[in-house]
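The next block holds one structure in the form of structure tokens; read it before the comments.
Below, read A as the first sequence line, B as the second, and so on, with proteins coming before strands; counting in each chain starts at 1. Computed over heavy atoms, backbone and side chain alike; hydrogens, waters and symmetry mates excluded.
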Amino acid sequence: MIDITQLKEHLDHYKKKLTLKGYTGNLNEIISKHESKNNIQVKLDDLKNKKNVLSKEIGTLAQKGESINEQKKQSEQLSNEIQILQEEFDVLNSNLEKELLLIPNIPDDDVPEGTDESSNLELEKIIYKQSDNGPDHVEIGELIELLDFNTANKLSGSRFVVLKGKLAQLQRALIRFMLDEAASNGYEEYYVPYIVNSESLIGTGQLPKFEDDQFSVGEGKYLIPTAEVPLTNVFRNEAISVDDIPIKMTAHTPCFRAEAGSYGKDTRGMIRQHQFEKIELVKFVHPNESEKALDELVSHASKILDKLELSYRKVVLCSGDLGFSAAKTIDLEVWLPSQKCFREISSCSNFRDFQTRRMNTKFVDGSTKTYPHTLNGSALAVGRTLLAILENYFENGVGVHIPKVLKKYLTFDLIKIKK
RNA sequence: GGAGAGUUGGCAGAGUGGUCGAAUGCGGUGGUCUUGAAAACCAUUGUGCCGAAAGGUACCGGGGGUUCGAAUCCCUCACUCUCCGCCA
């Protein structure tokens, strides 16, 4: 949530920044709503004060046995006035709150301007072995007979996958490897619920705007779209002391995405699924430290690609491609030989105090209370990593080799083709 | 699923209609004492909103009601705990 006081003070700045983010709401209207809300509140508080004074007076008079009829009449009249004004206030206030929840975070100053991914800026390219032909992972899956979209379709529908045997083991090895990496970088491992309430999704920014992207399981509860939601919301309505910071958390969870609005996009293979595994890194840091923390987060995620010897590039997202809650995002994109291009495998973002304002997570340093900054990043999306390994480690007529760093988690170093 | 008991400040725990934003204890912070520390003692210590401030207002799980007045009475929802049943 943006700070309305800041918004009022630097309206032009916010207007410019929010336009870059594609926001089209009427900020002037929001500000005037806020002002009339405050005006009503002042009047309301004054009336309530009068009534409280009167009630006390009635108490004392009644104890003395004196007449209280006149005061009662006055009090009733005050009650009526209060009720009318209170209703007006409540409507205005909840209205305002809804609109505030729909305002996206503003981009950092070093975020390139642009409306779509064509304005994203490549920071760095790290190339290991890079082939630009060969079968895609779906074909490889058929050759090794361990990747089964048809059965998944029978069980559940489109955008699901069944992994078998050594391929399922390879995915498990990836998860263990990534969690071990996170641990060695100082992240504490969490096991968290995969179903969360709407308060949690509002806290991290998926709700109220992106209801359609979530899988609802009824009763106001949703499957998590990323471990970011439960991990970050661990500290919802909590105060974090300066001594506890930085907080570094990680979790492996499945992620569930409705993928509404992406019909016909990436329909082949396991690039875009309703369910996939991911290791997420989440940090709570001192407000002055978040820029540095983003670099650190990116380095933790990219080190995994380095160790797997997968070619990738670092891209800073432009303002228009930036997510709703993010102030700055650096994507890692892995090379896919079959598509002859880089595809997103990790997204590392700095949210600054946007999420902690929504969550009411305070940062306590001595007697001052502010908001800590949050960051998160995938390290990595496991499904896409698996896919990248299949394509980049495939040898024609032989099979899929196992990356060196994963060998200690497995009892084989090759997944042979069966036909 | 059935029966019952709860939800009060950072924690524990009083408070059943007015003087209660709330006793007391623990914890926290500041101080006295001490070479230093501990102990002891003294003071202080919830949050949001409006306001330049003074101050006002709201908050005793959430929502609603009764009343001039609600932490306290009523309704309702959520959650927690105990026992029984079922269950990985």
Side-chain angles (χ1 to χ4, degrees), chain A residues 1-9 30-101 191-203 207-208 216-222 230 233-245 247 254 284 353-372:
Chain A
M1 185 134 68
I2 58 143
D3 181 354
I4 188 136
T5 318
Q6 288 293 310
L7 176 71
K8 279 159 92 167
E9 265 174 48
I30 288 172
I31 287 174
S32 78
K33 263 185 199 166
H34 182 249
E35 274 165 5
S36 47
K37 186 211 83 170
N38 287 353
N39 288 336
I40 293 177
Q41 183 170 354
V42 171
K43 284 185 207 158
L44 202 51
D45 283 358
D46 183 52
L47 288 175
K48 282 178 178 172
N49 180 30
K50 283 191 179 132
K51 195 181 161 182
N52 286 341
V53 169
L54 203 55
S55 288
K56 276 190 186 158
E57 205 179 306
I58 290 171
T60 355
L61 287 175
Q63 250 170 8
K64 288 188 212 159
E66 291 178 31
S67 160
I68 53 174
N69 289 337
E70 182 56 30
Q71 282 79 357
K72 271 197 181 186
K73 212 185 274 175
Q74 276 182 44
S75 180
E76 264 166 52
Q77 195 173 340
L78 279 172
S79 291
N80 288 337
E81 287 178 53
I82 288 169
Q83 200 191 341
I84 292 165
L85 214 53
Q86 184 74 53
E87 273 167 30
E88 199 182 334
F89 176 86
D90 289 345
V91 168
L92 207 54
N93 195 33
S94 75
N95 224 301
L96 182 67
E97 236 150 61
K98 270 181 206 152
E99 295 199 40
L100 287 176
L101 286 175
Y191 171 78
V192 291
Y194 301 159
I195 294 175
V196 293
N197 55 28
S198 55
E199 286 86 350
S200 294
L201 284 160
I202 288 169
L207 288 182
S216 168
V217 293
E219 295 174 2
K221 302 238 194 323
Y222 301 84
N233 277 280
V234 163
F235 291 99
R236 176 154 49 86
N237 290 325
E238 302 289 336
I240 297 172
S241 150
V242 65
D243 307 323
D244 302 329
I245 246 166
I247 292 169
F284 286 80
D353 62 1
F354 188 80
Q355 293 182 323
T356 48
R357 278 179 189 282
R358 288 180 159 242
M359 293 194 301
N360 186 32
T361 301
K362 291 283 169 62
F363 170 59
V364 185
D365 184 359
S367 59
T368 63
K369 282 184 184 169
T370 53
Y371 295 94

Among the candidates B/U57, B/C68, B/C49, find the nucleotide nearest to the side-chain atoms of A/Gln41. B/C49

With respect to the side chain of A/Asp45, which nucleotide from B/G51, B/U57, B/C68 is positioned closest? B/U57

Contact class for A/Ser55 vs. all strands (heavy atom < 4.0 Å): base, sugar-phosphate, or nothing? base

Grab the N/O contacts between the protein and nucleotides 60-65 of chain B below 3.5 Å, and write none if there aren't any.
none

Any side-chain N or O of A/Asn38 less than 4.0 Å from the OP1 or OP2 oxygen of B/C49? no

For B/C50, does OP1 or OP2 lie under 4.0 Å from any side-chain N or O of A/Lys43? no

Can you name the ring-ring contact (aromatic ring centres under 6.0 Å, His included) partners of A/Tyr222, sequence neighbours left out? none

Donor-acceptor contact present, side-chain A/Thr356 to main-chain A/Pro372, <3.5 Å: yes

Just list the side-chain donor-acceptor pairs under 3.5 Å for residues 41-53 of chain A, sequence neighbours left out, or say none.
unit_1: A/Lys48; atom_1: NZ; unit_2: A/Gln86; atom_2: OE1; d: 3.1
unit_1: A/Lys51; atom_1: NZ; unit_2: A/Ser79; atom_2: OG; d: 2.8
unit_1: A/Asn52; atom_1: ND2; unit_2: A/Lys48; atom_2: O; d: 3.4

Side chain to side chain contact (heavy atoms under 4.5 Å, CB included) against A/Ser36, all qualifying residues, sequence neighbours excluded: A/Leu92

Is any side-chain nitrogen or oxygen of A/Lys51 closer than 4.0 Å to OP1 or OP2 of B/G69? yes

Sorted by chain and number, sequence neighbours left out, ring-ring contact (aromatic ring centres under 6.0 Å, His included) with A/Phe363 holds for A/His286

Between A/Ser79 and A/Val42, just flag the one whose closest nucleotide in RNA chain B comes earlier from the 5' side. A/Val42

For A/Val234, the side chain to side chain contact (heavy atoms under 4.5 Å, CB included) test, sequence neighbours excluded, returns A/Tyr190, A/Met249

B/C41 to B/A54 separation - C1' atoms, rounded to the nearest Å: 35 Å

Could you measure between the two C1' atoms, the one in B/C83 and the one in B/G10, and give it in whole Å? 33 Å

Has A/Gln77 got more than 12 heavy atoms of other residues, nucleotides or ligands less than 6.0 Å from its CD? no

Within less than 4.0 Å of OP1 or OP2 of B/C49, is there a side-chain N or O belonging to A/Asn93? no

With RNA chain B as reference, determine whether A/Asn49 or A/Lys362 sits nearer its 5' end, using the nearest nucleotide of each. A/Lys362

